Amino acid sequence: MVKPVVILNLKSYKEVLGENGLKALTIIEDVAKEYPQITFVVAPNLTCLSEFARRKKRVKVYAQHADPIPVGAYTGHIPVEALKILKADGTLINHSERQVSFDIISRVISEAQRLQIDVVACGGSIDEISKIAALRPKYVAFEPPELIGTGISVSKARPEDLKKSVKVILERSGNISIPICGAGISSGEDVRLALEYGANGILVASAFVKATDKKKKLIEFASAAESAVY
Ligand code: G3P
């Protein structure tokens, strides 16, 4: 079994920008040390990406978005190769808060595959993730947009669709892509159910960022994910 992944998307939340973002990275590194059976990923705001990439130890650092353009005269873009140069480990693409066309998803995945960095390609419906899975990114994330930030998890609110997403991702990618899910995940129980339904990891944002004790919340997620391994 591939190690379950816990991906913390820090979005543009004020609580995790600048110095506070670096404090969050320290927390994630501390927890990662205690849970070697779990892959931890953080996707900081782009303004913090370089510093995160410089400081990371066990934790992987992904961009929240990338553009399928070469390095060169492209103002305001994020070339995949720039992420590689920065020593970022991967990127999200097509998050529901940063949607792009299928053509762009496809080109970002190819460029990332060429440069050997990871891609988490997100989709909000079974139909969308089915098309994306055929491109065989490392991870395909099922994230129903209406549940994002609600505290009502995809695993509790949409169990049948979650199971269907896992099946579709595995079938359409020829067992290459790893199915994961996100939206509203707030408790260890949400994580446990997600893994029980076949996802091999989770994407989470607000429950971690807004937690009064981020370390405690992350340990709750990690120990639920770990219990699925043993
Ligand atoms: O990328 C993760 C995300 O969109 C889920 O957000 O706040 O529901 O955990 P949240």
Side-chain angles (χ1 to χ4, degrees), residues 4-17 20-21 24-25 27-28 31 38-46 48-49 52 59-66 78 88-100 105 108 118-125 128-129 132 137-159 161-162 165 169 177-195 197 199-214 216-222 224-225:
V5 65
V6 172
I7 303 178
L8 299 152
N9 179 3
L10 305 187
K11 303 195 175 185
S12 300
Y13 282 115
K14 190 167 184 188
E15 292 87 339
V16 281
L17 286 174
N20 289 333
L25 176 63
I27 290 170
I28 304 165
V31 176
I38 312 291
T39 299
F40 289 85
V41 176
V42 62
N45 186 268
L46 183 67
C48 312
L49 186 68
F52 271 59
V59 174
K60 289 188 175 191
V61 172
Y62 289 0
Q64 294 179 5
H65 169 77
I78 310 164
D89 302 283
T91 187
L92 309 189
I93 192 71
N94 197 45
H95 189 278
S96 86
E97 292 151 10
R98 190 66 173 90
Q99 290 177 54
V100 293
I105 299 171
V108 165
D118 301 341
V119 174
V120 180
C122 307
S125 67
E128 191 178 20
I129 58 164
I132 290 172
K138 175 157 184 167
Y139 298 103
V140 180
F142 175 53
E143 287 210 323
E146 71 280 5
L147 296 174
I148 292 177
T150 61
I152 302 166
S153 71
V154 57
S155 38
K156 283 193 182 134
R158 304 271 299 272
D161 284 339
L162 175 51
S165 76
I169 293 164
S177 298
I178 299 168
I180 61 173
C181 67
I185 291 185
S186 325
S187 66
E189 177 67 358
D190 294 332
V191 176
R192 193 190 66 70
L193 286 173
L195 271 61
Y197 299 149
N200 206 58
I202 53 142
L203 258 165
V204 59
S206 49
F208 172 73
V209 169
K210 305 277 182 189
T212 35
D213 187 339
K214 291 184 181 54
K216 193 169 164 214
K217 185 47 78 178
L218 188 54
I219 288 172
E220 182 183 335
F221 293 149

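Read the numbers this way: they start at 1 and go in the same order the structure lists the ligands and their atoms. Here the structure is a predicted model, which means the values were calculated and not measured. Scope of the values below: all heavy atoms of this structure, side chains included, with no hydrogens, waters or symmetry mates.
Residue Y13 has no nitrogen or oxygen atom sitting less than 3.5 Å from a nitrogen or oxygen atom of ligand 1, judged on distance alone. Between E97 and ligand 1, a contact under 3.5 Å exists for no N or O pair.
The proximity of I148 to ligand 1, defined as any non-hydrogen pair under 4.0 Å, involves the side chain as well as the backbone.
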Next item on the list: Could you walk me through whether K138 and V120 pass the side-chain contact (heavy atoms from CB on, under 4.5 Å) test, one step at a time?
Entry: CA-CA 6 Å; K138 175 157 184 167; V120 180; over 6 Å; no

>> Could you walk me through whether V108 and V100 satisfy the side-chain contact (heavy atoms from CB on, under 4.5 Å) test, starting with their C-alpha distance in whole Å, then the side-chain angles of each, then the deciding distance to 0.1 Å, before giving a yes or no?
In response: CA-CA 10 Å; V108 165; V100 293; over 6 Å; no

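Looking at D118 and Y62, their side chains do bring a donor and an acceptor atom within 3.5 Å of each other.
In summary, the atoms of ligand 1 found under 4.0 Å from a heavy atom of G149, numbered by their order in the structure, are 7 (O), 8 (O), 10 (P). The ligand atoms of ligand 1 that sit less than 4.0 angstrom from a heavy atom of E143 are 1 (O), 2 (C), 3 (C), 4 (O), 5 (C). Here is the list of ligand 1 atoms found below 4.0 Å of a heavy atom in V204: 9 (O). Those atoms of ligand 1 with a heavy atom of A183 less than 4.0 angstrom away are 5 (C), 8 (O).
Distances from ligand 1 to the non-hydrogen atoms of G184 include at least one value under 4.0 Å.
Under the 3.5 Å distance criterion, the side-chain polar atoms of D190 are matched with a main-chain donor or acceptor of S187. A side-chain donor-acceptor contact under 3.5 Å links K217 to the backbone of S186.
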